[in-house]
Amino acid sequence: MIARVGSGAPRVGITGIGAYAPERVLTNADLVKMVDTSDEWIVERTGIRQRHVAEPDQATSDIAAPAAREALECAGVAPEEVELVVVATASPNMLFPASASFVAEEIGARNAAAYDLLAGCTGFVHALSQGYAAVAVELAKRALVVGLETLSKLMNWRDRTTCVLFGDGAGAVVLERVEDGGFLGFELGWDRSGGFDLCVPAGGSRAPASPATIEQDLHHLQMNGREVCEFATRAMVSSAEQLLVECRLTVDEVDVYVPHRANRRIIDHAVRHVGLAPEKARVNVEHYGNTSSASIRICLHEAVAAGTMFAGQTVLMSAVGAGLTWGSALVVWGDGR
Ligand code: UT7
């Protein structure tokens, strides 16, 4: 799917942003004590130095509330004014009901529709498009779009090929009609040819939980890192390029690039091949690891807080994730919030 927001279309923008990461930090040195790995290997292959990890008693929705409240406060929106809560996550509280209903309850969004959206690490971009559409057609005046993960709960902590990569975190944005700026377009897609390269194989209808699925360790995240990496390097570039063409923008007109933080090498490759100046990229993979659908949001939040992203700038976001899926969005950032 590719769509450009036409000049006569309603303008919808991000008016508030918040992020939260659990307090517990797991460094590369901690992981060296758990699996056969090294700080050098992790830093060289991924750029990651530490990741945040939820406590055993923290479920996914528990880490959403601080991020959601900050986003609402930033936008000056009361919880009762929110009419849509979309949660993008691949690590929900439970298979159902949706984590969004727990989040809505926790923050007091009692007048909102609330549902989850699953598109792996691309969930944030997909959820933004849902929030955009709902606000544009006035299905909702204000939407809260949350990306949150506790992938640590799905990790096989004996598998060095995955457990060093991921981290937990949450990010939230408020979407509303705006006078200027706002979203310019979206490009979203999927490709099943590598569909089982990144998945949690059991626990759903294909392989319901059983003693055998537990014995075979099928309830943990599994990834063919090399295959996903090859796909990601291609898709991050082609998605961004297609969206720029659709929105009739040159790469020089992009002020800020916020890529999904899977791995520093994938990001560097995308920056080079899309043709972006390296200083336009906002990257914090070293502190958080891959926080999946929360990753772009946490990075946006840091860039705003650090003053390296501000009103009027054209921001390009791109992600790749389980599905396999990809997605890009272009937005003109709002009035300093
Ligand atoms: O968010 C979207 C989803 N995720 C991604 O986009 C991640 C995509 N993939 C990647 O980022 C990279 O493929 C990895 C970082 C996961 C791996 O890097 P790589 O350069 O593709 O390494 P590799 O999988 O080719 O493995 C190279 C070697 C292997 O040993 P042999 O077979 O060459 O002897 C692995 O067993 O590195 C070994 N290895 C490790 N060694 C130390 C794998 N994991 C580790 C580890 N520590 N943690």
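Fair warning: this is a prediction, and the values are worked out from it, not measured in the lab. Values below: all heavy atoms of this structure, side chains included; hydrogens, waters and symmetry mates excluded. Atoms within each ligand, like the ligands themselves, are counted from 1 in listed order.
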### Query
Is R24 paired with E55 through a side-chain N to carboxylate O contact shorter than 4.0 Å?
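Counted as a salt bridge, because a side-chain N and a carboxylate O are separated by less than 4.0 Å.
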#### Entry: Side-chain ion pair, E106 and R69, N-O less than 4.0 Å
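Between R69 and E106 there is a salt bridge, with a charged N closer than 4.0 Å to a carboxylate O.
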### Message
Using side-chain heavy atoms (C-beta onward) and a distance below 4.5 Å, is M317 in contact with L300?
### Response
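The answer is yes, as the side chains (C-beta and beyond) meet within the 4.5 Å cut-off.
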### Query
Any side-chain heavy atom of E83 sitting closer than 4.5 Å to one from R142?
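Result no, sub-4.5 Å side-chain heavy-atom pair not found.
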### Message
So, applying side-chain hydrogen bond (donor to acceptor under 3.5 Å, both in side chains) with R51, which one of D30, N28, D168 is it?
### Response
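Output: one option passes, namely N28.
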### Message
Can you work out which protein residues put a heavy atom within less than 4.0 Å of ligand 1?
### Response
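Near ligand 1, by chain and number: D36, T37, W41, R45, T46, C121, R160, T161, V164, L165, L198, M223, G225, R226, V228, C229, H260, A262, N263, R265, I266, N290, V320.
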#### Entry: R11 atom CZ: more than 12 heavy-atom contacts under 6.0 Å
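It does: R11 CZ has more than 12 such atoms within range.
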